[in-house]
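To find a chain, count down the sequence lines: A is the first, B the second, and so on, and within it residues start at 1.
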Amino acid sequence: MTVFAIPTANGCFRAEFSERGLCRLRFPCPKDTTGESSGSTPSSAVQEWAGLIQCALNAAVQGEPFATPPLDLQFGTPFQLNVWDELRRIPTGQTRSYREVAEAIEQPGAARAVGAACGANPVPVFVPCHRVLAAHHRIGGFSAGMKWKRLLLQAEGANFIG
DNA sequence: CCCTAGCGGTGCT
DNA sequence: AGCACCGCTAGGG
């Protein structure tokens with residue numbers, strides 16, 4: 001596993017990679033002083049992915065199209081993997097409600113569980129959990145902080161209440 | 001706005 | 001098995 005610091009205009013993200021791809025992306029935390037990377041020496045593939053992610057994150061907050069690196073989500077439960085797959089099918093600028101996502105995976109009563117799965121999403125932005133809103137376009141929650149959810153939605157031109 | 005009942009997955013005991 | 005969380009929702013005051 002390799003940890004890579006990803007400086008952007010909005011702070012320093014941290015990306016964790018396996019040899020298969022991006023496992024986890026952390027938003028900048030206020031106390032994040034050092035932008036040091038750690039772990040095994042990054043392979044050229046990891047360095048390439050890190051560069052791609054840096055571009056993607058800067059693009060995402062500008063509302064520009066961005067590429068997605070290979071993802072390694074092997075630690076999800078079957079339900080979570082279903083939800084995360086479904087989230088990746090929401091086009092940029094569109095939103096779904098937690099309920100609609102639950103219906104799309106054919107578990108119409110699982111809106112609340114979908115919320116929990118969104119909260120467990122290890123790769124925000126690339127698995128676009130920010131495009132999931134509560135009923136009636138209310139913004140709902142976001143584990144990494146509501147400011148990020150608002151920023152990403154506004155950048156994409158999506159409309160929401162809150 | 002608030003409150004309540006009902007909901008399904010997950011993790012801990 | 002039980003239980004307490006949750007990025008939820010619909011309905012009613």
Would one find a side-chain N or O of A:Arg99 under 4.0 angstrom from OP1 or OP2 of C:dA10?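 Answer is yes, contact under 4.0 Å.
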Would you say a side-chain N or O of A:Gln107 is under 4.0 Å from OP1 or OP2 of B:dG9?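 So the side chain of A:Gln107 is within the cut-off, an N or O lying under 4.0 Å from OP1 or OP2 of B:dG9.
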In terms of side-chain heavy atoms of A:Ala134, which of C:dT9, C:dG7, B:dG9 is nearest?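 Side chain of A:Ala134 sits closest to C:dT9.
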Which nucleotide sits closest to the side chain of A:His136: C:dA10, C:dC8, B:dG8?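 The nucleotide sitting nearest to the side chain is C:dA10.
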Measure [atom1]/[X] against [atom2]/[N] and give the value in whole Å, please.
| X | N | atom1 | atom2 | result |
| --- | --- | --- | --- | --- |
| A:Asn82 | B:dT10 | CG | C1' | 15 Å |
| A:Phe142 | C:dC6 | CZ | P | 18 Å |
| A:Gln80 | C:dC6 | CD | C1' | 12 Å |
| A:Phe79 | C:dG7 | CZ | C1' | 13 Å |
| A:Phe75 | B:dT10 | CZ | C1' | 17 Å |
| A:Ile139 | C:dC8 | CD1 | P | 12 Å |
| A:His137 | C:dT9 | NE2 | P | 12 Å |
| A:Ile161 | C:dC8 | CD1 | C1' | 17 Å |

With a 4.0 Å cut-off on heavy atoms, is [X] in touch with a base, just the backbone sugar-phosphate, or nothing at all?
| X | answer |
| --- | --- |
| A:Val132 | base |
| A:Gly109 | sugar-phosphate |
| A:Ala113 | base |

Aromatic ring centroids of A:Phe13 and A:Trp148 under 6.0 Å?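 Between A:Trp148 and A:Phe13, which both carry aromatic rings, the centre distance is below 6.0 Å.
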Contact summary for A:Thr68 and A:Leu52, nearest pair of heavy atoms: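 Closest approach of A:Thr68 to A:Leu52: C-CD2, 4.1 Å.
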When you measure from the side chain of A:Glu100 to the backbone N and O of A:Ser97, does any donor-acceptor pair fall under 3.5 Å?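 Pair found, side chain donor or acceptor close to backbone of A:Ser97.
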Before you tell me yes or no, could you show the steps for A:Gln107 and A:Phe79 under side-chain contact (heavy atoms from CB on, under 4.5 Å), namely the whole-Å CA-CA distance, both residues' side-chain angles and the distance that decides it to 0.1 Å? CA-CA 10 Å; A:Gln107 299 185 58; A:Phe79 177 83; 3.7 Å; yes
Between the base of B:dG9 and the side chain of A:Arg112, is there a donor and acceptor pair under 3.5 angstrom?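 No, no donor-acceptor pair under 3.5 Å.
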Run A:Val132 and A:Thr95 through side-chain contact (heavy atoms from CB on, under 4.5 Å) and show every step you take. CA-CA 6 Å; A:Val132 189; A:Thr95 61; over 6 Å; no
B:dC7 and C:dC6, which share atom name C1', separated by this distance in whole Å: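 12 Å, rounded to whole Å.
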Go ahead and name the base partner of C:dC8; Watson-Crick or wobble counts if both distances stay under 3.5 Å, otherwise write none.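 Paired with C:dC8, as far as the under-3.5 Å criterion goes, is B:dG6.
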